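Data block below; observations after.
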Number of protein chains: 2
Amino acid sequence: MVISRITVRKKVEKPEETEQFNHLPVEKRDRITEAFISEFAKKGFRAASMNKIVERAGISKGSLFNYFNSKNQLFMYTYKVAFKRVKEYLREVREETKDEEFFTRFQKIMEAGVRFIKKHPNLARIYYRILYTGDSPEGAAILQELHAESMRFIASLVERGVERGELSGEIDVDKTAFILESVLNRFLQVQHQNVLDPSLNLYGASSEESEKWIEELVSLLRNWMGESSNESN
Amino acid sequence: MVISRITVRKKVEKPEETEQFNHLPVEKRDRITEAFISEFAKKGFRAASMNKIVERAGISKGSLFNYFNSKNQLFMYTYKVAFKRVKEYLREVREETKDEEFFTRFQKIMEAGVRFIKKHPNLARIYYRILYTGDSPEGAAILQELHAESMRFIASLVERGVERGELSGEIDVDKTAFILESVLNRFLQVQHQNVLDPSLNLYGASSEESEKWIEELVSLLRNWMGESSNESN
DNA sequence: TCTTGAAATGACCATGTGGTCAATTTATGA
DNA sequence: TCATAAATTGACCACATGGTCATTTCAAGA
């Protein structure tokens with residue numbers, strides 16, 4: 001494996017906490033975690049401040065550097081936590097809906113996405129910051145991982161739909177997955193901005209309105225991709 | 001009009017340069033402009049440094065603060081420049097393609113978008129940073145403006161397609177525009193990340209590959225939205 | 001209770017920040 | 001050439017940063 005530019009200048013830092021962090025009582029660990037997630041969500045990697053993090057966590061700076069070797073490493077750990085949670089959520093909803101009809105499934109995935117964003121606005125924010133700006137140590141590698149994971153997820157749904165005869169066997173899975181992933185991501189990202197600032201009211205911010213949007217978007221996609229495509233074959 | 005929180009603390013700063021900036025020779029003004037666009041593109045509003053900007057521009061910090069009253073105001077000016085250029089580009093391509101068939105038009109818009117990104121990577125980067133993170137003074141207002149402008153643009157194309165009989169008259173313009181805008185934005189944003197770092201190679205970074213992707217995406221959308229939809233009516 | 005190792009602290013370091021302004025330099029017109 | 005207004009400078013200010021480490025505090029075990 002080719003050593004990255006980072007390692008040329010500095011020993012590789014794994015996105016891992018020190019064992020001292022794991023020795024902490026759960027309550028304290030959670031309090032510290034909330035503090036750094038919140039700060040990185042709001043400011044992004046570069047503009048976030050270790051001083052602000054320790055203030056909010058109620059610990060000293062020496063302690064924070066005892067638990068994580070550097071700001072760099074702390075952010076990588078934060079990213080890992082955020083991404084792990086996002087993947088778990090997607091995996092759960094995929095599992096829960098695996099026997100449903102493709103478009104019903106897609107609709108439930110969108111709805112689950114909205115719930116995730118409302119439940120974990122800061123994790124979502126970290127995820128979107130990295131996905132859209134690439135601002136992170138190992139940014140390039142992370143972007144590739146995020147895009148690959150996201151496309152694999154949607155492509156697996158499309159393939160399942162084809163298998164079950166709900167989508168045409170002649171469909172271009174890559175492009176179809178790309179379009180669906182675009183819609184899903186765009187919608188969730190916009191809803192996320194609404195959650196951060198309800199005054200934005202992009203495309204209707206209320207729960208009722210977002211549910212209606214989801215239904216209508218899915219209905220339109222069903223109309224385009226579903227029976228009509230089948231009929232024309 | 002309700003005074004925003006900003007004005008409670010500080011006089012409203014218009015996103016405008018001082019007259020001293022306009023008095024400068026064009027070459028010097030362009031050099032300074034390049035310096036702050038580059039820094040804001042790379043670092044975002046908060047993490048960008050006025051010290052770095054003046055270093056790159058080859059002027060003193062006092063001068064920069066003579067031309068712009070604050071970092072805040074400089075960024076708002078930068079956003080205005082970027083957004084104005086993006087809108088001009090979109091307006092040009094819309095005008096050039098106004099008599100073409102809807103999907104051909106959409107394809108040309110995607111291609112024009114790729115050209116814009118290659119020609120103005122830093123303007124594109126500023127645009128995407130604000131659009132996806134909201135990190136900007138007056139972030140909420142700007143986000144609403146960007147979303148509204150973007151949706152108006154696509155919706156106007158869809159309406160034109162309906163007028164010309166290229167799209168079904170029963171189409172849901174809002175949702176259709178949303179889906180198309182999602183695909184357009186996602187594709188361009190990914191290509192933009194490829195331009196920033198060709199090693200990413202997301203969905204094929206080369207010109208040939210991105211052209212092929214555009215053709216196939218548009219072909220799929222045509223298949224979904226075009227004749228098939230008409231036939232089913 | 002005392003010893004010892006582990007955990008925690010926060011002053012310190014070198015460097016950086018946004019913004020100011022007294023002093024200097026430049027350009028223009030008489 | 002000289003006077004004057006405009007433009008420019010960069011040291012300075014107060015504050016902030018990431019990271020370090022000598023010192024203090026705490027916890028556990030004998």
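All values reported here derive from a predicted model rather than from experimental measurement. Numbers restart at 1 for each chain; the letters A, B, ... are given by sequence-line order, proteins then strands.
- Taking atom CD on B:Glu19 and atom C1' on D:dA6, their separation rounds to 11 Å, with Å as the unit.
- Nucleic acid contact class of A:Phe68 (heavy atoms, under 4.0 Å, all strands): none.
- Between B:Ser63 and the phosphate of D:dA7, there is no side-chain N or O to OP1/OP2 separation shorter than 4.0 Å.
- For A:Lys212 and A:Glu209, the salt-bridge test fails: no basic side-chain N is under 4.0 Å from an acidic carboxylate O.
- If you check residues 20-51 of chain B against DNA chain C, the residues with a heavy atom closer than 4.0 Å are B:Ala48, B:Ser49, B:Met50, B:Asn51, listed by number.
- The distance between atom CD1 of B:Ile53 and atom P of C:dT17, rounded to the nearest whole Å, is 10 Å.
- For the pair B:Glu111 and B:Lys108, the salt-bridge criterion is not met [side-chain N within less than 4.0 Å of a carboxylate O].
- The CE atom of B:Met50 sits 9.5 Å away from atom CZ of B:Phe36, with the distance rounded to the nearest 0.5 Å.
- Counting to the nearest Å, the C1' atom of C:dG18 and the CG atom of B:Leu74 are 12 Å from each other.
- Candidate nucleotides D:dT17, C:dT17, C:dA8 were compared by shortest atom distance to the side chain of A:Ser60, and C:dA8 ranks first.
- The backbone N or O of A:Ser150 sits nowhere less than 3.5 Å from a side-chain atom of A:Glu181 that would complete a donor-acceptor pair.
- A:Leu64 places its CG atom 11 Å from the P atom of C:dT9, with the value rounded to the nearest Å.
- When the side-chain nitrogen and oxygen atoms of B:Lys61 are compared with OP1 and OP2 of D:dG10, none of them lie within a distance under 4.0 Å.
- Side chain of A:Lys175 to main chain of B:Val218: no donor-acceptor pair is present (N/O by atom type, distance under 3.5 Å, no hydrogens or angles).
- For the pair B:Lys98 and B:Glu95, the salt-bridge criterion is met [side-chain N within less than 4.0 Å of a carboxylate O].
- If you measure from atom CZ of A:Phe65 to atom C1' of D:dA22, you get 18 Å, rounded to the nearest angstrom.
- Each of A:Ile214, A:Asn194, A:Val195 was checked for a side-chain contact (heavy atoms from CB on, under 4.5 Å) with A:Val114, and the lone residue meeting it is A:Ile214.
- Note on B:Tyr67: a side-chain N or O is less than 4.0 Å away from OP1 or OP2 of D:dT8.
- The distance between atom CD of A:Glu55 and atom P of C:dT9, rounded to the nearest whole Å, is 14 Å.
- The side chain of B:Asn66 lies closest to D:dT8 when the candidates are D:dT20, D:dT8, C:dG19.
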